[in-house]
J.: 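Please see the structure below; I have some questions.
Nothing here was measured: the structure is a model prediction, and the numbers come from that model. In what follows, chains are A, B, ... by sequence order, proteins preceding strands, each numbered from 1.
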Amino acid sequence: MKRLDLAFFQRDVLTVCPELPGKFLVINHTPYMITEVEAYRGEEDMACHAKKGRTERTEVMYRCGGHIYVYLIYGMYWMFNLVTGPKDIPQAALIRGIEGFNGPGKLTRYLKINKSFYGENVCASDRIWLTEGEQHVTIKTSPRIGIDYAGEPWVSKPWRFFITP
DNA sequence: TCATTGATTTCA
DNA sequence: GAAATCAATGAT
């Protein structure tokens, strides 16, 4: 299967996200189909971690697309994000669902994703990358989950993309 | 609905 | 330094 290259990730997160469900995340040569993603777009997006500017944790989002942003939430769960867009524009696609198990915390626990993946580049790594999907899928959208603190208009943005049967 | 859990962020 | 915060989950 064709490996997704840098050009795929260097587009706007709102262009990349609807294309991610149905594609395969390959970790240690095992493919997992992506079923659900969310877009986090720039410092103006109050739901995005980069809203307060560049910090040590969010620095990777300011790099060009293809890098991996991993962070710990609620002291227990690693969240897995793919950085998109050009350099100096903080954007990331949060991978919320993988076929076979739902929930972003579950998938990272099952796949043993942790801080060692932070800053990895899926275009250059030999243990993690993405490939084209073979299946024809239907995508639906809805508001993002768990970002009530962001306020309007961000809580209402239909920036969650997922597969429907 | 509540406890868990710990890095990041904020306040002093 | 200390305190509050939090893109979640599972048990109750």
J.: What orientation do A:Tyr110 and A:Phe101 show, parallel under 30°, tilted 30 to 60°, or perpendicular over 60°?
T.: tilted
J.: Send over the distance from A:Arg57 CZ to C:dT5 C1', rounded to a whole Å.
T.: 10 Å
J.: Any base atoms under 4.0 Å from A:Arg96, or only sugar-phosphate, or nothing? Heavy atoms, all strands.
T.: sugar-phosphate
J.: On DNA chain B, compare the nucleotides closest to A:Lys52 and A:Met76; which residue's is nearer the 5' end?
T.: A:Met76
J.: In dot-bracket notation, what is the pairing pattern of DNA chain B, taking Watson-Crick (N1-N3 plus N6-O4 or O6-N4) and G-U wobble (N1-O2 and O6-N3) contacts under 3.5 Å, with [ ] crossing and | for other strands?
T.: ||||.||||||.
J.: For A:Leu94, answer base if it contacts any base atom (sugar-phosphate contacts may also be present), sugar-phosphate if it contacts only those atoms, and nothing otherwise; contact means non-hydrogen atoms under 4.0 Å.
T.: base
J.: Using a strict threshold of under 4.0 Å (side-chain N to carboxylate O), is an ion pair present between A:Arg96 and A:Glu38?
T.: yes
J.: Check for a donor-acceptor pair, side chain of A:Arg11 on one end and backbone N or O of A:Gly65 on the other, with a separation under 3.5 Å.
T.: no
J.: In whole Å, what is the span from the OH atom of A:Tyr110 to the P atom of C:dT9?
T.: 17 Å
J.: As a test of understanding, state which of A:Arg144, A:Lys157, A:Lys51 forms a side chain to side chain donor-acceptor pair (under 3.5 Å) with A:Asp45.
T.: A:Arg144
J.: Between A:Glu19 and A:Thr15, does a side chain to side chain donor-acceptor pair (under 3.5 Å) hold up when you go through it step by step?
T.: CA-CA 7 Å; A:Glu19 300 182 15; A:Thr15 305; over 6 Å; no
J.: Name the residue closer to the 5' end of DNA chain C, choosing between A:Gly75 and A:Asn102 according to the nucleotide with the nearest heavy atom.
T.: A:Gly75
J.: To the nearest Å, how far apart are A:Met46 CE and C:dC6 P?
T.: 11 Å
J.: Is it true that A:Thr30 and A:Asn28 share a donor-acceptor pair across their side chains at a distance under 3.5 Å?
T.: no
J.: Give me the ring orientation class for A:Trp159 and A:Trp154: parallel if the planes are under 30° apart, tilted from 30 to 60°, perpendicular past 60°.
T.: tilted
J.: Between A:Tyr74 (OH) and C:dC6 (P), how many Å, whole number?
T.: 8 Å
J.: Taking atom C1' of C:dA11 as reference, at what distance in whole Å does atom NZ of A:Lys106 sit?
T.: 13 Å
J.: Does one side chain, of A:Tyr62 or A:Glu43, offer a donor that lies under 3.5 Å from an acceptor on the other?
T.: yes
J.: Whole-Å distance between C:dC6 C1' and A:Arg144 CZ?
T.: 16 Å
J.: Whole angstroms only, please: what is the CZ-C1' distance between A:Phe101 and C:dG10?
T.: 17 Å
J.: Hey, where on DNA chain B does chain A first and last touch, going 5' to 3'? Cut-off is any atom under 4.0 Å from a heavy atom.
T.: B:dT4 to B:dT10
J.: On the ring face of A:Phe117, is A:Arg127 found with NZ or CZ under 6.0 Å from the centre and within 45° of the axis?
T.: yes
J.: Indicate, with a heavy-atom threshold strictly under 4.0 Å, whether A:Arg109 touches base, sugar-phosphate, or nothing.
T.: sugar-phosphate
J.: Could you check how far CD of A:Glu38 sits from C1' of C:dA8, rounded to whole Å?
T.: 12 Å
